[in-house]
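Below: the structure, in structure tokens.
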Amino acid sequence: MAKRIDVKNLNAYYGTFRAVEDVTMTIEPRSVTALIGPSGCGKSTFIRTLNRMHEVIPGARVEGSVHLDDADIYAANVDPVGVRRTVGMVFQRPNPFPTMSIADNVVAGLRLNGLKNKTVLAEAVEASLRAANLWNEVKDRLNKPGAGLSGGQQQRLCIARAIAVEPQVLLMDEPCSALDPISTLAIEDLITELKSRYTIVIVTHNMQQAARVSDRTGFFNLVETGQPGRLIEMDDTHKIFSNPSIRATEDYISGRFG
Amino acid sequence: MTTIDLASDARPNAGRPDAPGPNLGLGLEHRSRGRAVRNQLARIVMWTAFAIAMVPLAWILWSVISKGGAMLLDSHWWTNSQRGITNRVVGGGAVHAIQGTLMQGLVTAVIAVPIGVMTAIYLVEYGRGRLATAVSFMVDILTGIPSIVAALFIYALWVTTFGFQRVAFAVVLALVLLMIPVVVRSTEEMLKLVPNELREGAFALGVPRWKTVVRVVLPTAFSGIITGVLLGLARVMGETAPLLILGPYTKNIATNLFGGLMPTLPTMINQDRTEVLQPAVDRVWGAAATLILLILILNLAGRLIAHFGRPKT
């Protein structure tokens with residue numbers, strides 16, 4: 001069950017510094033939403049507020065509201081650990097757990113949350129690896145360390161790990177920035193497949209990638225360094241890349257700055 | 001120094017069959033002679049410093065092994081105590097002292113390692129603000145405490161204040177004071193080496209912080225922590241000041257931590273160090289060689305565990 005995300009008047013801070021200012025957006029279920037913008041514009045910070053990962057950084061805090069369907073994830077009685085089980089995340093650099101095998105990495109989220117049934121775990125390993133298009137490459141070495149895979153395989157392993165806990169939403173923070181073009185293509189194909197089951201939000205520096213994989217695109221920008229980042233424009237991807245309504249968006253996607 | 005004839009080709013390889021192609025005017029073809037000289041000079045200084053640093057180590061090992069090594073080859077050394085053996089008589093062994101040293105080291109580790117590791121986990125994974133700064137500062141102070149001061153503190157507490165006897169457990173308490181900061185600092189370094197991405201990866205799966213520490217961070221840092229613990233243990237096993245103040249020597253085997261005297265290798269060395277009779281002198285060197293051997297084995301064990309326990313790629 002994919003969920004809709006409703007963000008209202010969201011501000012994100014590091015200590016006293018406001019990194020993201022007054023973002024309001026709606027993210028539709030079973031779609032891919034790409035967030036683009038120059039470095040330091042707050043798009044990574046913003047995506048981390050959607051699963052309450054922002055606040056693990058000391059001094060970081062969030063104002064405003066984020067609703068998953070009708071539930072406010074920042075409500076006082078909500079456990080951030082539970083939010084992160086519902087909203088999964090894939091990071092910029094592949095980060096498989098070095099002490100665990102490929103199979104253990106995939107079901108790390110399940111095992112660390114107390115699931116012990118071996119049959120269920122084995123099924124989850126295969127289903128998740130198949131969903132991440134990695135099964136055929138690793139099925140004969142499931143007990144080998146996850147860190148021994150190539151960068152692209154490691155990143156797909158991390159995607160398998162993220163979907164093994166069956167989240168409703170999948171956040172991807174520049175998932176291809178450390179990968180070569182072939183691995184990038186594999187991940188992009190995967191994103192297109194996963195879209196039928198999850199709500200996907202992807203931060204990317206690569207505008208072609210945003211154009212290829214996303215249904216909707218949000219453009220973040222900042223006035224100058226030291227100022228907070230803001231959501232400038234959000235629209236259907238083909239509209240953003242063909243006929244954006246705002247001048248700054250056009251300048252950015254046409255390469256006139258940034 | 002030869003003068004360089006500017007008219008002829010001054011390249012170092014000029015005229016050699018493998019010499020590079022013609023001068024292309026890129027300024028790349030002249031080797032800097034000054035840099036080569038400085039390089040050589042630095043190399044000589046470095047090797048000399050290394051050799052000087054090795055001299056005392058080799059010297060100590062040589063004198064201890066040449067004077068005490070023979071004792072270790074006698075099987076009695078590893079099976080007998082010094083009970084009933086006088087300074088004039090050859091014979092007896094060091095098993096009472098070996099046993100005491102190992103036992104005190106082990107109990108010290110059992111107490112100091114959990115406290116040290118948990119303190120390090122607090123400092124790295126949880127500690128924020130004033131309390132963490134204070135704890136870290138305290139550990140720094142504890143690191144700098146001379147061992148004799150730790151021993152005097154335990155003496156003041158154990159004997160003067162509580163009125164207990166000088167027993168092996170008091171020695172252990174003093175050694176714990178000395179071992180905790182070593183374990184805290186080494187564990188802290190190892191935990192800091194665990195990439196933050198792994199913690200975030202676990203958080204993003206909905207794993208609580210404590211479980212992330214126990215199941216992801218600690219296993220990743222495990223071999224490094226073990227190495228640090230064993231190095232700390234090697235350090236306290238060779239410690240002498242607390243033993244002199246709190247743990248007098250005896251020639252008999254002792255296993256009771258809470259009553260009677262417990263001999264150790266350092267006190268065995270200290271006991272006979274002023275002797276002139278050859279059998280006693282030999283035993284002093286033998287005990288010294290045994291202590292070095294034990295600590296060497298501990299260090300090797302630490303390295304082996306670090307080697308086989310590290311995450312495989």
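Numbered from 1 within each chain, the chains take letters A, B, ... in sequence-line order.
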Over 12 foreign heavy atoms within 6.0 Å of [atom1], [X]:
X	atom1	answer
A:Tyr13	OH	yes
A:Asp70	CG	no
B:Arg128	CZ	yes
A:Ile182	CD1	no
A:Arg111	CZ	no
A:Tyr74	OH	yes
B:Trp210	CH2	no
A:Glu166	CD	no

Next on the checklist: Please classify the contact of B:Arg199 with chain A as side chain, backbone, both or neither, using a heavy-atom distance under 4.5 Å.
Outcome noted: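 Nothing of B:Arg199, per the 4.5 Å heavy-atom cut-off to chain A.
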
Checklist entry - Considering only heavy atoms, which portion of A:Arg52 lies under 4.5 Å from any heavy atom of chain B: side chain, backbone, both, or neither? => result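 Looking at A:Arg52, nothing touches chain B.
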
Checklist entry - Non-hydrogen atoms of chain B under 4.5 Å away: do they reach the side chain of A:Val165, the backbone, both or neither? => result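 Looking at A:Val165, just its side chain touches chain B.
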
Contact check, side chains of [X] and [Y], non-hydrogen atoms, under 4.5 Å:
X	Y	result
A:Phe91	B:Glu200	yes
B:Pro208	A:Leu112	no
B:Leu198	A:Phe97	yes

Distance-minimising heavy-atom pair for [X] and [Y]:
X	Y	result
B:Lys211	A:Gly114	NZ-N, 4.2 Å
B:Val207	A:Asn113	CA-OD1, 4.1 Å
B:Arg215	A:Met100	O-CE, 4.1 Å
B:Ala204	A:Met89	CB-CB, 3.8 Å

Checklist entry - Hey, which residues of residues 77-88 of chain A are touching chain B, say heavy atoms under 4.5 Å apart? => result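 Those residues of residues 77-88 of chain A which have a heavy atom under 4.5 Å from chain B are A:Val81, A:Arg84, A:Arg85, A:Val87, A:Gly88.
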
